[in-house]
Amino acid sequence: MFPRPIQSMSPASQVAYKIALPVMLVLWLLPLLGVAMTSIRPSGDLAAGNYFGIPSRLAFDNYLTVFRNTDLERYLLNSFKVTIPTVIGAVGLSCLTGFALAIYKFKSNLILFFIFVAGNFVPGQILMVPVRDLTVSMGMYNTTMGLALFHIAFQTGFCTLFMRNFIKALPFELVEAARVEGVSEWQIFRHVVMPLMRPAIAALSVLVFTFIWNDFFWAMVLTTGAATQPITAGLNSLNGQWIAAWHLVSAGSILAALPPVLMFFLMQRHFIAGLTLGAVK
């Protein structure tokens with residue numbers, strides 16, 4: 001079921017692996033490297049057709065220009081206004097729902113769990129029209145709050161699945177011992193289960209942050225204009241504003257990619273621990 005360790009393979013397979021790995025890594029990073037090179041390429045190089053050659057000079061001022069001449073700063077702020085509440089709301093709710101579905105035994109437990117999970121199997125394109133009509137009727141269309149609330153509602157299902165399975169793997173004897181000592185259910189959740197959930201919370205926060213920050217579809221459906229659009233939709237508008245200024249579009253793309261990358265590296269230790277906890281006994 002699981003791949004064999006490379007050390008157990010034949011010498012020829014090990015050599016092929018060591019050759020293929022850097023080649024695939026370069027191929028995977030090639031588009032990103034191309035965008036990074038274009039972001040520091042002067043406009044004169046692009047006008048002269050120098051798209052892939054060595055830049056005539058390193059034009060780091062492209063990053064300053066994209067801030068001064070566009071609404072990129074506002075787009076970035078809108079992304080934080082949408083992403084941070086979504087992470088807090090979705091992860092917070094899933095901790096509660098995951099705890100309830102994992103700890104308590106009642107008849108409708110599996111039905112409720114199925115309801116939480118079933119929404120993840122519905123394609124977003126099918127929900128586009130009803131979700132847009134709902135936000136319009138609620139007066140939340142074209143607002144960062146409306147976009148954040150939608151993401152919270154839609155992400156809670158996956159987060160509940162993640163948290164429920166994580167809590168289910170914890171030693172139930174800890175909960176039983178706390179109940180014998182007369183500890184309330186809320187105190188069990190707060191003082192017994194929550195400390196053990198920190199790696200899972202960190203891993204889930206990174207996943208949700210990255211997904212919501214990079215969302216383009218719902219940003220285009222539920223927001224319009226620089227006042228509310230997040231960075232993904234803003235880059236699309238920037239592309240229309242700077243039709244031939246690919247160096248500025250590339251600079252904006254690099255800046256847009258930095259927050260989730262920094263989030264991952266800051267939470268890397270907790271992220272890996274949350275994903276691997278329970279993998280071995």
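Just so we're clear, the structure is a prediction, and the values are computed from it rather than from any experiment. Side chains are part of it too, since the values below use all heavy atoms of this structure and drop only hydrogens, waters and symmetry mates.
The shortest side-chain heavy-atom distance between I126 and P123 falls under the 4.5 Å cut-off. Side-chain contact between L112 and L101 is present, with heavy atoms from C-beta onward closer than 4.5 Å. By the 4.5 Å heavy-atom criterion applied to side chains, M163 and T97 are not counted as neighbours. In this structure the side chain of I231 never reaches within 4.5 angstrom of the side chain of N78, judged on heavy atoms.
Between the CG atom in L96 and the OG1 atom in T160 there is a gap of 9.5 Å [rounded to 0.5 Å]. Residue L196 holds its CG atom at 6.5 Å from CG of L174, rounded to the nearest 0.5 Å. L72 contributes atom CG, which lies 12.0 Å from atom OG1 of T65 (distance to the nearest 0.5 angstrom). With rounding to the nearest 0.5 angstrom, the CG atom of L64 is 11.0 Å from the CG atom of L248. Rounding to the nearest 0.5 Å gives a distance of 10.0 Å between CG of L222 and CE of M128. If you take OG on S13 and NZ on K18, they are separated by 12.0 Å, rounding to the nearest 0.5 Å.
Residues L255 and F60 are members of one and the same hydrophobic cluster, defined by side-chain heavy-atom contacts under 4.5 angstrom among Ile, Leu, Val, Met, Phe, Trp and Tyr. Using a 4.5 Å cut-off between side-chain heavy atoms of Ile, Leu, Val, Met, Phe, Trp and Tyr, with links allowed through other members, I212 and F216 fall into different hydrophobic clusters. Linking ILVMFWY side-chain heavy atoms closer than 4.5 Å, directly or via other members, places V131 and V136 in two distinct hydrophobic clusters.
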Tabulate below the donor-acceptor pairs under 3.5 Å that side-chain atoms of residues 24-40 make, not counting sequence neighbours, or state none.
residue, atom, partner, partner atom, Å
T38, OG1, G34, O, 2.8
S39, OG, A36, O, 2.6
S39, OG, Y63, OH, 2.7

With a cut-off of 3.5 Å and sequence neighbours excluded, list every side-chain donor-acceptor pair involving residues 204-211.
residue, atom, partner, partner atom, Å
S205, OG, I201, O, 2.7
T210, OG1, V206, O, 2.8

Side-chain donor-acceptor contacts of residues 142-154 below 3.5 Å, not counting sequence neighbours, with atom names and distances?
residue, atom, partner, partner atom, Å
N142, OD1, T224, N, 2.7
N142, OD1, T224, OG1, 3.3
N142, OD1, T228, OG1, 2.5
N142, ND2, T224, O, 3.4
N142, ND2, T224, OG1, 3.4
T143, OG1, M140, O, 2.6
T143, OG1, G146, N, 3.0

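Within the structure, the salt bridge (charged side-chain N to carboxylate O under 4.0 Å, His left out) test picks out the following pairs touching residues 58-70 (sequence neighbours left out): R57-D61. The salt bridge (charged side-chain N to carboxylate O under 4.0 Å, His left out) analysis of residues 164-179, with sequence neighbours excluded, yields the pairs R179-E185. The ring-ring contact (aromatic ring centres under 6.0 Å, His included) contacts involving residues 66-94 comprise F80-W213, where partners must be two or more places apart or lie in separate chains.
At least one donor-acceptor pair closer than 3.5 Å links the side chain of N109 to the backbone N or O of Y104. Using modelled atom types, one side-chain atom of N165 and one backbone atom of L161 make a donor-acceptor pair closer than 3.5 Å.
Residues T156 and S94 have side chains that never bring a donor and an acceptor to within less than 3.5 angstrom of each other. No side-chain donor from either of S250 and S253 sits under 3.5 Å from a side-chain acceptor of the other.
In F114, the CZ atom is not crowded: 12 or fewer heavy atoms of neighbouring residues, nucleotides or ligands sit closer than 6.0 Å. Heavy-atom neighbours of F121 CZ from other residues, nucleotides or ligands within 6.0 Å: at or below the threshold of 12. By the neighbour-count criterion of 12 heavy atoms within 6.0 Å, atom CD1 of I54 is sparsely surrounded, having that number or fewer from other residues, nucleotides or ligands. Atom CZ of F172 is surrounded by more than 12 heavy atoms from other residues, nucleotides or ligands within 6.0 Å. Within a 6.0 Å sphere centred on CZ of F217, other residues, nucleotides and ligands contribute more than 12 heavy atoms.
A pairwise comparison of heavy atoms in A256 and L235 identifies CB-CD1, 3.8 Å as the closest pair. Contact record, N214 with P260: OD1-CG, 4.4 Å, taken as the closest heavy-atom pair. Heavy atoms only, all atoms of each residue included: A100 and F106 are closest at O-CE2, 4.1 Å.
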Derivation and outcome, side-chain contact (heavy atoms from CB on, under 4.5 Å), residues T86 and V82 = CA-CA 6 Å; T86 299; V82 172; 4.3 Å; yes
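Tested against S137 for a side chain to side chain contact (heavy atoms under 4.5 Å, CB included), the candidates T135, L134, D133 yield a single pass: L134.
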